[in-house]
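Accompanying notes for the structure given below.
Reminder, nothing fancy here: chain letters follow the sequence lines and each chain counts from 1.
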Protein chains: 2
Amino acid sequence: MKTADPELMRAINRLNVLDTVRRYGPIARVEISERTQLSTTTVSAITASLLDDGLILPRHEGDIRNEAARGRPRVMLELNPDAARVVGAKIAASRMVFVVTDFRGDVLSNLTLPIRIDRQPIGVIADLVEDGVRRCVVDAGLSLEDVDSVCLSLPGVIEHRTGHIRSSPIFRDVNVDFAAEMTARLNTSTIVESDAHAITLAHHWFGKARDLEDMVLISLEQTLGLGVLHGNQLFRGAGGLSHNLGDLVLGMGPLGIVRLSSQAGESEILGEQPAGGRFAEAIRLGRGMAHAQALIKAEDNALISAAIRAGEAVGVAVANIVTLFAPPRVILVGSSLALGEHFLASLRSAYALAIPPSLKGVAELVFDDSTDDFWAQGAAAVALYELYESPWNTTGPAL
Amino acid sequence: MKTADPELMRAINRLNVLDTVRRYGPIARVEISERTQLSTTTVSAITASLLDDGLILPRHEGDIRNEAARGRPRVMLELNPDAARVVGAKIAASRMVFVVTDFRGDVLSNLTLPIRIDRQPIGVIADLVEDGVRRCVVDAGLSLEDVDSVCLSLPGVIEHRTGHIRSSPIFRDVNVDFAAEMTARLNTSTIVESDAHAITLAHHWFGKARDLEDMVLISLEQTLGLGVLHGNQLFRGAGGLSHNLGDLVLGMGPLGIVRLSSQAGESEILGEQPAGGRFAEAIRLGRGMAHAQALIKAEDNALISAAIRAGEAVGVAVANIVTLFAPPRVILVGSSLALGEHFLASLRSAYALAIPPSLKGVAELVFDDSTDDFWAQGAAAVALYELYESPWNTTGPAL
DNA sequence: TTATTTAATTCGCATTCCGACAAAAATAAC
DNA sequence: GTTATTTTTGTCGGAATGCGAATTAAATAA
C-alpha cells in the first residue's frame, strides 16, 4: 500500500484541482473550491503553483460577467493548451490513426494511414508507427522534442503498467515490450493501452460519459473489448490486464465451445468472401463493414442473418456484463455498429431477454459511432492523464 | 472525490499500521516500519496512539528472542482482543449461523439455528435474527452493550453502503432497509453484506487468500455469488451492488434463455423430489447436498448427470469471470461442492475447455469446503474492517 | 565494567491544509 | 465624484502530519 505523506496529499489535491479545471474550465477559484471541497485558501495556493508551472492560465479576454454581478470579478482559470503536447494513436489491423493534441486534449493535427499491418513482424509495424507519429507531429508544426508523451492504443490484451503487449490480433509475436521499443525509437516517453480503454476515456472526457463516474463500454471491432470506468478511473485488472471480451463463452454447442468472437467478431460476421472479389477487397482495406452495410441495404440475406446472429450474441454478452458490474450506462462503439438496424434491433431484444428482471432499467444502452480520430484522442487522454498525475516541479517545494 | 487533508493522511496510515499488526502480529515496530514503508518515527507515533486507544497491546509474556540476538530487544505488538467485540452472521434459507468474535476476529462463541426462514415475512426473519444475535452474545458471556458492531451476511443482491437488501431469495419483500431495521432492534450498529463478500473477506483474512491482494471467489449455494478482491479491498460495484452470478446467461437454448442458476442452482441440481419423501425432507432441512452426496455415492444416475451438468455450467462461468478479471486465484466455495468428484471433474474440464488459451495457467482454481462458521466469521471481519477504518479518538489530537 | 548492537523515542524541520483577517476590484448609493 | 457594499483573492499564523538526525534504552559480548 502506498504510504500517505504530505507529498501524496499535495499530489492528490493538485490532480483534483487540475482535473476540475479541465472538466469545468474556464472556472473561478471559488467554484473550484466548491467542487473539490477544498478551502479557498488551499485552492489559491494550488492554483498559484499551477500557474507558476504554466499548466493553467488566467483568462483575461472576454470576461463574461453577469449583469447583476457585484464585487470583485472572478478570475477564470483554464488549462494552458501549450503546457504540453501529446500524441495519441489507434493502431488497427487495416489502418493507423494519429492525433497530436494540446494539454487540453484538443486535436492539433490528425493523420490516417490506411495500411494493412495485420500480422506483420514487429519491426515493420514499429517502423510504420514511428513514421506515422513523426509525420503527424510535423503536420502539427511541431518537432518530436515538443511532444511530452505518446500513447499507442491497440486491440488485444495490453498490459499498460508494464508496457507489454500480451497478445494482439495485429501482432505476430506475443509478449512484446512495445512501449520500451517505441520509447527508444522516438526518444519520447511512450506508453501503450488497450484501444477499448482509450475510447472509454475518450467518452469520459469528451463524449457520452462526461456526467458519469461509473460506466462500462464495449467495443465491437475486429476484437471485442471492454472498458470499465469505476470512480472516474479506468478499472484495470489485477496486473493491469485488459479484458478480451471475444474470449467470453456464450454456450457449449454441439460443435464445442461457442465464443463471442465466433459470433460477433468482425471477420466472422463478414464471412469468407470469394478471393479477389470486390467485397474481399473492401475487407482487406478495412472497409468491410461499410461494404456490408451497403449489401445489407440491398437485402443480402446471408449478411443480414449474420448481423442478427451477432446482435444476439452481443446482447447476451452485454447483459452478462451488466449483471456483473451494474453500471448506470453502457456505451457500445466500434465498426460493427455500421451493420445497421438489423444488428441493433436483435442486440436490443436479446439484451432485454437476457437482462435479469432485477436489473431491468438499471443500465442505459447507448450506441456511438465515432470516428477513428476519437479513439486516438482517447489515447491522447490516457497520456494526458498521466501527465496530470505526474509531479511537475519535483525541484523543491512550491515557492 | 475525497479531499486529502492531514486527517485523511493519518487515517490511511493508522489503518495501514493496524492492518499490518493484524496480519503479521505479534510484530515489532521496526518490522511494521519495513512493511508499511513508513519511517520508524511515524510508526512509533502511530503505535503510541493505538496503544493509548487500547487497540493494540505490547506482548510481554514469552518474549521469544533469537539466541544470537543482540541489542535492545524488540517489543512485540499485537491486536488487543478486548478492544472490541462484533457479531457476524450468515443468514441462509434453512439456517442461521452466528459468531461473536473479538477484535482479532477470533471466535468467542457460535450458534447455529437450523430454521427454515425461506420467504417468511420480514418481521419474522428479523425476530429470529434478533434472537440469534442475542443468544450468541449471551453464550459468549457478554451483553449487547459490549458489542460494537453487527454484520449480517445474506444471499442475494445486497447494497452494503445503504444497508438495503435489493433482492434476496430468503426475503419475500424487496428493497428492505434491513440494516436500519436491525440497528433499531438491537440498539447496536448493524450492517449488511452479501454472503459471498463475507466469505471472500474470510478467505483474505484467515483462509486461502491470505497471501494475495487480488483474487476472485465464487460461492455455489442456493444463490450463486461472486466476490472480487482488488488491491486488498472488496470490489463493490458502482452503487455498492453485489453480483448475482446466477443471472448470468450461458446460452440461448431452444427453450429460451439458459441462466447459470437454472443449471447450477441448488434447487435445480437437487430437482423435484416427491413430497414427503426422505430426500425432500432433507432438502427442506438444508441437508439436501449432504443427502445428494450419499445418493451419488450410491450411483443415482439422475443426480450424477445433474451434478455433471452443473459442473459444466460453473466451469464455463468461472472461465468467463477469469477472462474478465484475470485473477491469480479463484476460490470456489459453497454447499454444491459436496456433490463430489463428478461435479468437480466436469467443472475442471469445462473450465479447461472454456478458458482462452492466452489465459491458460493465469488463474489457479482452489476448492474450499469451510463450515458455515467460517462464513459468519467473514461477516465479522467485514464489521471489524469498518471499525479499523473508523476514527477512534476524534476527541482531539493524539497526546 | 566497558564496548557494541539494535530498538525506540525525542527534537527540530518541512510540508500540508485550514480559519481569520486583510487587500483588491468591481458595483451601488449618495 | 466620493463613499459604502459586495465578492473574490491573497496573506498570516495555527495545528497536524511525516521524516531525518541525534539521543536514549536495553540487551549481549568482550
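As rounded to whole Å, 20 Å separates atom P of dA16(D) from atom CG of D5(A). In this structure, CE of M9(B) is placed 10 Å from C1' of dC19(D), rounded to the nearest angstrom. If you measure from atom CG of L8(B) to atom P of dC18(C), you get 11 Å, rounded to the nearest angstrom. Per the geometry, CD belonging to E34(A) stands 11 Å off P belonging to dT9(D), to the nearest Å. Taking atom CD of E7(B) as the reference point, atom P of dT15(C) lies 23 Å away to the nearest angstrom. Rounded to whole Å, atom P of dC17(C) lies 11 Å from atom CG of N16(A). The CD1 atom of I12(B) sits 19 Å away from the P atom of dA16(D) (whole-angstrom rounding). Going from atom CD1 of I32(B) over to atom P of dT9(C) covers 11 Å, rounded to whole Å.
Taking the six-membered ring where the residue is Trp, F235(B) and H230(A) present tilted rings, their angle falling between 30° and 60°.
Among all heavy-atom pairs drawn from V21(B) and I56(B), the shortest one is CG1-CG2, 4.2 Å. Summarising the geometry of C151(B) relative to A379(B), their closest heavy-atom pair is CB-O, 3.2 Å, with the distance given to 0.1 Å. The shortest heavy-atom contact between R14(A) and S49(A) is NH1-OG, 2.6 Å.
Ion pairing of K208(B) with D211(B) is absent here, as no side-chain N (NZ or NE/NH1/NH2) approaches a carboxylate O to less than 4.0 Å. Of the charged side-chain nitrogens involved, none lies within less than 4.0 Å of a carboxylate oxygen, so that R104(B) and D102(B) do not count as a salt-bridged pair.
Checking dC17(C), dA7(C), dT16(C) against the side-chain heavy atoms of I46(A) singles out dC17(C) as nearest. Of the candidate nucleotides dC18(C), dT16(C), dA16(D), dA16(D) has the atom nearest to the side chain of R10(B).
In terms of modelled atom types and a separation under 3.5 Å, the side chain of R29(B) and the main chain of L77(B) share no donor-acceptor contact.
Here the side chains of R59(B) and R74(B) are not in contact, with every heavy-atom distance at 4.5 Å or above. Considering only heavy atoms from C-beta on, V228(B) comes within 4.5 Å of V216(B) through its side chain. Annotation: side chain of E386(B) is not in contact with side chain of S149(B) (no heavy-atom distance under 4.5 Å).
Between T42(B) and the phosphate of dG18(D), there is no side-chain N or O to OP1/OP2 separation shorter than 4.0 Å. A close approach under 4.0 Å does occur between a side-chain nitrogen or oxygen of N13(B) and OP1 or OP2 of dG18(D). Between S39(B) and dG18(D) there is no side-chain polar atom (N or O) within less than 4.0 angstrom of OP1 or OP2. In this model, the phosphate group of dT9(C) is approached by a side-chain N or O of R29(B) to a distance below 4.0 Å at OP1 or OP2.
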Restricting both atoms to N or O, compile the protein contacts to nucleotides 20-25 of chain C shorter than 3.5 Å, with distance only.
unit_1	atom_1	unit_2	atom_2	d
dA25(C)	N3	R72(A)	N	3.3

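Among the atoms of the strands shown, only primed sugar atoms or phosphate atoms (P, OP1, OP2) are found under 4.0 Å from some heavy atom of A4(A).
Each end of the helix from dT1(C)-dA30(D) to dC30(C)-dG1(D) gets its own axis, taken as the rotation carrying the C1' atoms of four end pairs onto the next four within a five-pair window, and the two axes meet at 30° to the nearest 10 degrees.
Residue-to-nucleotide proximity on DNA chain D shows that, of P6(A) and V30(A), the 5′-proximal contact is made by V30(A).
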